[in-house]
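See structure below.
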2 protein chains.
Amino acid sequence: MNTETIINALSNPIRLKIIVWLKDRSNFPPALPEHANEEGVCIGYIQEKAGLSQSTISSYMSKLKQAGLVDSERHGQWTFYRRNEAAIQAFMDAIATELLANKK
Amino acid sequence: MNTETIINALSNPIRLKIIVWLKDRSNFPPALPEHANEEGVCIGYIQEKAGLSQSTISSYMSKLKQAGLVDSERHGQWTFYRRNEAAIQAFMDAIATELLANKK
DNA sequence: TTCATATATCGAACTATATCGATATGCTAT
DNA sequence: ATAGCATATCGATATAGTTCGATATATGAA
């Protein structure tokens with residue numbers, strides 16, 4: 001994904017927080033027993049933590065996904081979101097190369 | 001300066017480009033002889049390169065300055081802008097710590 | 001099939017950002 | 001003083017982003 005799209009996705013404070021929260025599963029309530037072996041966090045928990053409406057968080061998550069920062073997987077009625085670590089790392093490398101004077 | 005303000009300043013593609021352009025003085029026309037020992041680039045050159053109106057670039061530069069990404073110095077009727085390398089580096093460190101899973 | 005739950009999409013209202021031209025300020029030279 | 005530049009600020013308009021509630025879709029259970 002391109003740098004500009006990603007910066008845009010991260011330029012909203014709640015979306016940025018979501019990416020940070022997702023670093024650590026313990027930022028959210030424990031998964032239900034039947035989801036014990038799913039990776040990621042269901043969107044309901046993210047919504048609850050963010051304190052915004054369900055529709056807002058749904059569209060935020062799809063924006064983060066479009067930017068490549070998260071992946072999602074649907075299991076039954078739940079959608080689980082998790083960070084795309086490789087994409088995040090690649091973005092950090094790209095932005096560092098672009099911005100820092102001593103690089104490139 | 002805080003991370004959120006900086007991300008916002010960088011979330012405009014022209015502002016981001018300006019910061020990148022300022023890495024290398026040769027992205028701009030040579031300084032006038034009487035400005036030979038000024039650091040930075042006068043805003044007129046930045047405007048010319050960006051191709052936006054003078055007022056737009058002026059406010060972009062003041063936004064970048066407020067975010068701490070550039071410093072400015074006025075000499076006579078000219079204002080010279082240059083990158084604040086320390087601030088840019090500090091921002092990169094902060095955002096890497098915040099975003100990357102293996103940090104902090 | 002019908003109901004409840006989780007998530008997604010739609011439409012609207014409000015706020016913020018981008019961007020311009022016009023005007024103001026400040027400096028330099030005449 | 002005044003005229004001419006470089007830059008800054010102001011006011012306006014258009015576009016984009018935020019955020020919500022309402023509605024749609026998909027799934028699982030009764």
Side-chain angles (χ1 to χ4, degrees), chain A residues 2 4-19 22 28-35 38-67 69-82, chain B residues 4-19 22 28-36 38-67 69-82:
Chain A
N2 82 85
E4 197 179 314
T5 305
I6 296 178
I7 292 181
N8 245 282
L10 296 175
S11 75
N12 173 287
I14 301 289
R15 287 194 299 263
L16 179 61
K17 277 185 196 165
I18 290 171
I19 292 294
L22 287 174
F28 302 94
L32 300 175
E34 62 268 39
H35 298 146
E38 302 302 342
E39 274 189 82
V41 177
C42 77
I43 200 171
Y45 286 175
I46 299 171
Q47 188 223 324
E48 194 180 319
K49 179 144 182 125
L52 293 177
S53 75
Q54 185 268 323
S55 62
T56 296
I57 296 302
S58 179
S59 75
Y60 278 12
M61 294 316 294
S62 88
K63 188 158 192 166
L64 289 171
K65 187 177 181 184
Q66 265 205 257
L69 294 167
V70 299
D71 291 323
S72 69
E73 207 163 333
R74 181 144 199 164
H75 277 95
Q77 38 195 153
W78 286 272
T79 304
F80 296 88
Y81 281 91
R82 60 175 178 279
Chain B
E4 198 179 317
T5 305
I6 296 179
I7 293 181
N8 246 280
L10 296 176
S11 75
N12 173 287
I14 302 287
R15 286 195 299 263
L16 179 60
K17 277 185 196 165
I18 290 171
I19 292 294
L22 287 174
F28 302 95
L32 298 176
E34 63 268 38
H35 297 146
E38 303 300 343
E39 275 190 79
V41 177
C42 76
I43 200 171
Y45 286 175
I46 299 171
Q47 188 221 323
E48 194 179 320
K49 178 143 182 125
L52 293 177
S53 76
Q54 185 268 323
S55 62
T56 297
I57 296 301
S58 179
S59 77
Y60 279 11
M61 294 315 295
S62 89
K63 188 156 192 167
L64 290 171
K65 187 177 181 183
Q66 265 205 256
L69 295 166
V70 299
D71 291 324
S72 69
E73 207 164 334
R74 181 143 200 166
H75 278 94
Q77 36 195 154
W78 286 272
T79 304
F80 297 89
Y81 280 92
R82 60 175 179 277

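Keep in mind that the numbers below use all heavy atoms, side chains included, and drop hydrogens, waters and symmetry copies. Proteins get letters first, then strands, A, B, ... in listed order; numbering begins at 1 in each.
Distance CD1 (I14(B)) to C1' (dA16(D)): 16 Å, rounded to an integer number of Å. Protein atom OH of Y45(A) is 15 Å distant from nucleotide atom C1' of dT7(C), rounded to whole Å. In this structure, E34(A) places its CD atom 13 Å from C1' of dA6(C), rounding to the nearest Å. The interatomic distance linking Q47(B) (CD) with dA6(D) (P) rounds to 10 Å, in whole Å. One can place CG of L10(B) at 12 Å from P of dA18(C), the figure rounded to the nearest angstrom. Rounded to an integer number of Å, the gap from I7(B) CD1 to dA16(C) C1' is 17 Å. Atom CD1 of I43(B) is separated from atom P of dC5(D) by 19 Å (rounded to the nearest Å). Distance, E4(A) CD to dA18(C) C1': 14 Å, rounded to whole Å.
Counting heavy atoms from C-beta outward, H35(B) and F80(B) have side chains that approach closer than 4.5 Å. You'll find the side chain of M61(A) reaches within 4.5 Å of the side chain of L64(A), heavy atoms only. At a threshold of 4.5 Å between non-hydrogen side-chain atoms, the residues I14(B) and T56(B) do not count as touching.
Within residues 71-82 of chain A, the residues that place at least one heavy atom under 4.0 Å from DNA chain C are, in residue-number order, Q77(A), W78(A), T79(A), Y81(A). Of the residues in residues 52-67 of chain A, those placing a heavy atom less than 4.0 Å from an atom of DNA chain C are Q54(A), S55(A), S58(A), in numerical order.
Panel note: side chain S58(A), backbone S55(A); no donor-acceptor pair is recorded below 3.5 Å. Under a 3.5 Å cut-off, the side chain of Q47(B) and the backbone N or O of L52(B) do form a donor-acceptor pair. Side-chain atoms of R15(B) do not come within 3.5 Å of backbone N or O of K17(B) as any donor-acceptor pair. No donor-acceptor pair under 3.5 Å is formed between the side chain of Y60(A) and the backbone N or O of A9(A).
For the pair N8(A) and dA16(D), the criterion of a side-chain N or O lying under 4.0 Å from OP1 or OP2 is not met. Contact annotation: N12(B) side-chain N/O to dA18(C) OP1/OP2 distance is under 4.0 Å.
For H75(B), there are no ring pair (Phe, Tyr, Trp, His ring centres under 6.0 Å) partners two or more places apart in sequence or in a different chain.
Other residues, nucleotides and ligands contribute more than 12 heavy atoms inside 6.0 Å of the NZ atom of K49(A).
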